[in-house]
Amino acid sequence: GAVVSQHPSRVICKSGTSVKIECRSLDFQATTMFWYRQFPKQSLMLMATSNEGSKATYEQGVEKDKFLINHASLTLSTLTVTSAHPEDSSFYICSAVRQGFEQYFGPGTRLTVT
Amino acid sequence: GIQVEQSPPDLILQEGANSTLRCNFSDSVNNLQWFHQNPWGQLINLFYIPSGTKQNGRLSATTVATERYSLLYISSSQTTDSGVYFCAVGDGNNRKLIWGLGTSLAVNP
């Protein structure tokens, strides 16, 4: 158990457009999900905490109007990158907490903005 | 905030060799996880181990919370063990994880 999916796995978009990434917990309910960003050969950087039924909590320096997070149900959180620019190109990863503190990760989404 | 240091940063092994990866943290934690990130980017849970010792096949981990470190042991390494190993810790009820920089492991045939 504890499977987390992400869709799409890879997306290329043009500068100025918006992209939505979905994160689903497939076999458990998750009141808390996290969104991370990872640059090549670096560690994970937490962007925001997504709580079901409430507004997301963003980390310092992350623009909440640019990275819109919606945790619509206990199994789905979405990250929308609005008005994407080339500097938004990155590997985005979500995680979900099944119980207690243990986080389970999706396979990631590689975003390229041209 | 808590600082997490992992060592060594890079490690090259011959298939069949054993290795020990270390994670030091600067304050008390109530959450510690080890992950393996494979070459395709997928993070795989290895251990949830805020204290004590656990084993899973060729892998085992020990966390000595009072001395603020955790060790991940890999025995009889295989090429599929290659990737980056991350240690991440948490210290509060918000479930956030603070990440180390990882140990990049390459196992050669």
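From a predicted model like this one, the values you see are computed outputs, not experimental measurements. Throughout, a chain's letter reflects where its sequence line sits, starting with A, and its residues are numbered from 1.
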Worksheet item: Non-hydrogen atoms of chain A under 4.5 Å away: do they reach the side chain of B/Asn30, the backbone, both or neither?
Response: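 Contact with chain A: backbone and side chain both.
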
Can you tell me how far apart [atom1] ([X]) and [atom2] ([Y]) are? Round to the nearest 0.5 Å.
X: B/Trp99; Y: A/Gln38; atom1: CH2; atom2: CD; result: 8.5 Å
X: A/Thr31; Y: B/Arg95; atom1: OG1; atom2: CZ; result: 5.0 Å
X: B/Gln42; Y: A/Phe105; atom1: CD; atom2: CZ; result: 9.5 Å
X: B/Leu97; Y: A/Phe101; atom1: CG; atom2: CZ; result: 10.0 Å

Worksheet entry | Under 4.5 Å from any heavy atom of chain B - which part of A/Leu46 |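 For A/Leu46, side-chain heavy atoms alone lie under 4.5 Å from chain B.
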
Worksheet item: What part of A/Phe34 gets closer than 4.5 Å to chain B, counting heavy atoms only: side chain, backbone, both or neither?
Response: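 The side chain, not the backbone.
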
Practice prompt. Determine whether more than 12 heavy atoms belonging to other residues, nucleotides or ligands lie under 6.0 Å from atom CD1 of B/Ile44.
Written response: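 Atom CD1 in B/Ile44 is packed in, count exceeds 12.
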
Discussion item. Counting only heavy atoms not in A/Lys66 (residues, nucleotides, ligands), do more than 12 fall under 6.0 Å from its NZ?
Written reply: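 Yes - once you tally the heavy atoms of other residues, nucleotides and ligands closer than 6.0 Å, there are more than 12.
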
Worksheet item: If you count heavy-atom pairs under 4.5 Å with chain B, which of A/Met45, A/Gln42, A/Glu102 comes out on top?
Response: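 If we count pairs closer than 4.5 Å to chain B, A/Glu102 comes out on top.
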
When you group the ILVMFWY residues by side-chain heavy-atom contacts below 4.5 Å and let the links chain together, are [Y] and [X] in the same group?
X: B/Val84; Y: B/Leu43; result: yes
X: B/Leu11; Y: B/Leu59; result: yes
X: A/Tyr36; Y: A/Val97; result: yes
X: A/Leu79; Y: A/Val19; result: yes
X: A/Val11; Y: A/Val81; result: yes

Worksheet item: Which pair of heavy atoms, one from A/Ser43 and one from B/Gly100, lies closest together, and at what distance?
Response: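 That closest heavy-atom pairing would be OG-O, 2.7 Å.
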
Item to complete: Please name the pair of heavy atoms, one in B/Asn45 and one in A/Gln103, separated by the smallest distance, quoted to 0.1 Å.
Response: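 Nearest heavy atoms, B/Asn45 then A/Gln103: ND2-O, 2.7 Å.
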
